[in-house]
Each structure stands twice: as C-alpha cells, then as structure tokens.
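Every heavy atom of this structure was used, including side-chain atoms; hydrogens, water molecules and symmetry mates were not. Residue numbers start from 1 in every chain, and the chains themselves are labelled A, B, ... in the order their sequence lines are given, proteins ahead of strands.
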Number of protein chains: 2
Amino acid sequence: MTTSTLVPVFAALGDETRWGILVALGEGDASASALAGRLPVTRQAIAKHLAVLQEVGLVESVRVGRELRYRVLGAQLSEAARRLDRIGAEWDRRLAGIKRIAEEL
Amino acid sequence: MTTSTLVPVFAALGDETRWGILVALGEGDASASALAGRLPVTRQAIAKHLAVLQEVGLVESVRVGRELRYRVLGAQLSEAARRLDRIGAEWDRRLAGIKRIAEEL
DNA sequence: GTTTAATGCAACTATTCGGTTGCAGTAATC
DNA sequence: GATTACTGCAACCGAATAGTTGCATTAAAC
C-alpha cells in the first residue's frame, strides 16, 4: 500500500482555490492570465497553484505562442480515486474481520 | 457537482501523520494515548489530528470506560473516492469533446 | 524596432498548521 | 477516598502556505 505519491495529491486537492482552477480548466485549457480573469485572486497566486497542481501531476502545460496553457489530467484524478477506494475497501474488510472475531468471543 | 464537503476531506488526507494514524487505526480501534505509543508525535498532536479526521467524517469515536476509542470509517473513504472518480471521468469526457471539436476544424 | 501582452522572479505579509509543553479535570481502580 | 491513568484545554513556537505588490523578461504584433 504505497501512499508515498498519493498524499501530496490529496494535499493539492485540499484547497478551494485550486478546485476553482480545476473547474475553470474543465471548461477548456487556459493560461494563468486567462484564469486570473475568472477567479478572485491574482495571476501570481494562480501561477503558484498551477505549479502545485503540476508538481503532483494533476495538470500539464503546453506552450502556445507566448502563453502557457494548462490542461487538467482527469485520468490522474481517477487513478487517485481508484487507489483511495481500494484502501477504503481494505479497511472495511479488516474492520469486518475484527468485528466478527469480537462477536465470536 | 457539490465539492463543498469534499475539499476538507482531501485536506485531511493531505498529511502524512494523519495517514499514519489511519493506518494504525486500521489494525484496530485505539485511543489517542494508545496511538501516541506507536507514532513519533505526542498524544496532544494526535488528538488534534483525530479531531480533524472526525470533523470530516473519516473516523468516529466511542467512549469505553475512561478512554475514547477511535475507529476508521472506510466507507467514507470509498465515498470520497467515488465522487473523485466521477469528477475525473467528467473532465476526461469534456476534454475528449473539446479535442474532437478541435480536430473537426 | 517599438509597442504590447504574456510569463518569471523576488520580497514581503498574514494566517494557518503541525507540533510542543504544562496543567486542569475526570473517571476507574485499589 | 487516595491513587492512577486517561482526556481536555490553553498558550506558545516555527515552518509552511496563500496571498499580495512590484519589477524584469520574453516573445508576438504592428
């Protein structure tokens, strides 16, 4: 159960502004400047958030002329979801086992 | 797509120590004091983390004599995973749509 | 080539957060 | 009832973080 790379992903997802960015990017790829026009924070704040999101692989960037466009990587979200679900299921299995043992006493 | 209650859950999951607590609780229910014996932080630090985890519904507590035992709620993890997966799939669908439109130009 | 519009970098601030120590309260146990 | 062992609360500290402003840089557009 390697949670090594998983924890930073959740940390990245644990911020409202970053979700605002992800949702905005869901409408289509956009640059930090473009996003700044839609969200109530400065371009620089958004650039920092995008760096965090890119660091954990939730977005990727592509140069288009003089702008840097960002794209959401939905597959990475699904991957994190899959791993989380397996951990949750494992815990339920163990708890069920513990409960069964307790009831047999 | 109500992410309202979801974001704090991810914030809670974005900390290594809290994962340590969750994993330890996976071995069986335990009190903050008991967990302090297994993890490299003080009982009070663990108590704070447990409060965070309980706040977002990832653990629940039960009084047993003079101790407060905590239990992991794996189903909550799975629920969060399910919601995350749906969001990821939705984004992939949108991106595929955008890509298709772009290719048709 | 000058202008324009984007990104990159740096410094600074306020707040949050993870952690600690210390002590008060409370409920079993003997 | 005194002791023991757990929880609860509060103050404090350092580091990280979310945000800002300001300026330098770079590349397109005219």
Write down the protein N/O and nucleotide N/O pairs, taken from nucleotides 19-22 of chain D, whose separation is under 3.5 Å; answer none if there are no such pairs.
{"unit_1": "D/dG19", "atom_1": "OP1", "unit_2": "A/Thr17", "atom_2": "OG1", "d": "3.0"}
{"unit_1": "D/dG19", "atom_1": "OP2", "unit_2": "A/His49", "atom_2": "NE2", "d": "2.2"}
{"unit_1": "D/dG19", "atom_1": "N7", "unit_2": "A/Lys48", "atom_2": "NZ", "d": "3.0"}
{"unit_1": "D/dG19", "atom_1": "O6", "unit_2": "A/Lys48", "atom_2": "NZ", "d": "2.3"}
{"unit_1": "D/dT20", "atom_1": "OP2", "unit_2": "A/Thr42", "atom_2": "N", "d": "2.8"}
{"unit_1": "D/dT20", "atom_1": "OP2", "unit_2": "A/Thr42", "atom_2": "OG1", "d": "2.5"}
{"unit_1": "D/dG22", "atom_1": "O6", "unit_2": "A/Gln44", "atom_2": "NE2", "d": "3.1"}

Name each donor-acceptor pair under 3.5 Å that joins a side chain in residues 58-67 of chain A to protein atoms two or more places apart or in another chain, with its distance.
{"unit_1": "A/Glu60", "atom_1": "OE2", "unit_2": "A/Arg71", "atom_2": "NE", "d": "3.1"}
{"unit_1": "A/Ser61", "atom_1": "OG", "unit_2": "A/Gln54", "atom_2": "NE2", "d": "3.1"}
{"unit_1": "A/Glu67", "atom_1": "OE2", "unit_2": "A/Arg69", "atom_2": "NE", "d": "2.9"}
{"unit_1": "A/Glu67", "atom_1": "OE2", "unit_2": "A/Arg69", "atom_2": "NH2", "d": "2.8"}

**OP:** Specify the separation, in whole Å, of atom CD of B/Glu67 and atom C1' of C/dG25.
**Re:** 18 Å
**OP:** Starting from P on C/dC17, measure out to CZ on A/Phe10 and report it in whole angstrom.
**Re:** 19 Å
Original post:
Counting N and O atoms only, with roles assigned by atom type, does the side chain of B/Trp91 sit under 3.5 Å from a partner on the main chain of A/Val72, one being a donor and the other an acceptor?
Top reply: no
**OP:** Using a heavy-atom cut-off of under 4.0 Å over every strand shown, decide if A/Ala32 touches base, sugar-phosphate, or nothing.
**Re:** sugar-phosphate
Subject >> Earlier contact from the 5' end, DNA chain D, for B/Arg66 and B/Tyr70 >> reply: B/Arg66
Original post:
Between C/dG18 atom C1' and B/Leu53 atom CG, what is the distance in whole Å?
Top reply: 13 Å
Subject >> Whole-Å distance separating the CG atom of A/Leu50 from the C1' atom of C/dG8 >> reply: 14 Å
**OP:** For the residue pair B/Arg83 and B/Thr5, confirm or rule out a side-chain donor-acceptor distance under 3.5 Å.
**Re:** yes
Subject >> Nearest-nucleotide 5' precedence on DNA chain D, A/Gly14 against B/Ser33 >> reply: B/Ser33
**OP:** Tell me, with the steps shown, if A/Leu13 and B/Leu84 meet side chain to side chain contact (heavy atoms under 4.5 Å, CB included).
**Re:** CA-CA 10 Å; A/Leu13 292 175; B/Leu84 190 60; 4.1 Å; yes
Original post:
Between atom CD in B/Glu16 and atom C1' in C/dG19, what is the gap in whole Å?
Top reply: 16 Å
Original post:
When we call it a touch if two heavy atoms are under 4.0 Å apart, what does A/Arg69 touch: a base, just sugar-phosphate, or nothing?
Top reply: nothing
Original post:
What pair of heavy atoms forms the shortest contact from B/Ser33 to B/Arg43, and how long is it?
Top reply: OG-CD, 3.5 Å
**OP:** Take the protein atom CG of B/Leu39 and the nucleotide atom P of C/dG18, then report the distance between them rounded to whole Å.
**Re:** 15 Å
Original post:
For B/Glu79, what residues pass the side-chain hydrogen bond (donor to acceptor under 3.5 Å, both in side chains) criterion, not counting sequence neighbours?
Top reply: B/Arg82
